[in-house]
Amino acid sequence: MTLLAVYAHPDDEAFGTGGTLARYAAAGVDVRLICATRGESGKITDPAIDPDVDVGMLREAELREACRALGIPEPIFLDYHDSGRYERTRHDDPKALLNVDEFDLEAALRPWIAELRPRVMLTFDPHGAYGHIDHIRIQRAATAAFWSAGGVTDAPPRRLFYNAISTERMRQMQEGRTDGPMARLDPGLYGVSEASFAAVLDVSAWAEAKERAIRAHRSQVGPRSSFAGRAAGEEGWRAFLGHETFTLGGARGAFPEPPVDDLFAGL
Ligand SMILES: [Zn+2]
């Protein structure tokens, strides 16, 4: 049984679904991760890291370490480039996801679906967690590939889940925060009602693995990052580590009464 997670950058997997990936790996599921880019445009937020480092190589190594923390195999890179954001947006890079044809991106996923034959797939929600263009691009491609998978395998995936957080949870996460990608978002747009959840997973037993995976992305969670203020004891942090929630992006066949507590429930 295979679970395939499809994301854009190193660290997307840890923050979004690290607990879920660790939980299913521990249960013997073949958990695989596709990462479309090496996060080349990420800011180095740890002053202890050489500012002239090759960011893509560094973040690739960080993702490999995060995968070890989660107990999952080496990631699969699609070799596209991080589009960056704001003043760092790579408008002129043809390999930046921003500039990649969406059908080509879908086509890059299809051979992996044919080879890995996942039962369940995971990706971002349609708003890309916080609107990053790369998240939205990979979300659309993964959704399209979920539906076109019947053309490349006789065992197409049965379920596609999107990472999701509730509007209420998002408001809690925003309280007292003025920086970070989530700070200024409209919870009514980027969050969902709790009734929208198709799966609510208790991953508290894997909170430590998730936290280690997050911290493996050292260049992204350094003292100059918006993450830095979050002490381990902070209220909300344990809840963030311990529960992961999903909406349903697609299903082949019946789906039990939601929310399920197991992505494979009834399969
Ligand atoms: Zn990302």
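In what follows, residues are counted from 1 in the order of the sequence shown. First listed ligand is number 1; within each ligand, the first listed atom is number 1.
- The ND1 atom of His9 and the NE2 atom of His135 meet at the Zn ion (ligand 1) at an angle of about 100°, given to 10°.
- Ring pair His132/Tyr130 is perpendicular by interplanar angle, where above 60° counts as perpendicular and below 30° as parallel.
- Residue contact annotation: His132 places no N/O/S atom under 2.8 Å from the Zn ion (ligand 1).
- When the options Glu13, Arg59, Glu65 are evaluated for a side-chain hydrogen bond (donor to acceptor under 3.5 Å, both in side chains) with His217, the one that passes is Glu13.
- With 2.8 Å as the limit, Asp12 counts as an N, O or S neighbour of the Zn ion (ligand 1).
- No side-chain heavy atom of Tyr86 sits under 4.5 Å from any side-chain heavy atom of Arg88.
- The only member of His135, Arg38, Gln220, Glu40 that meets side-chain hydrogen bond (donor to acceptor under 3.5 Å, both in side chains) when paired with His9 is His135.
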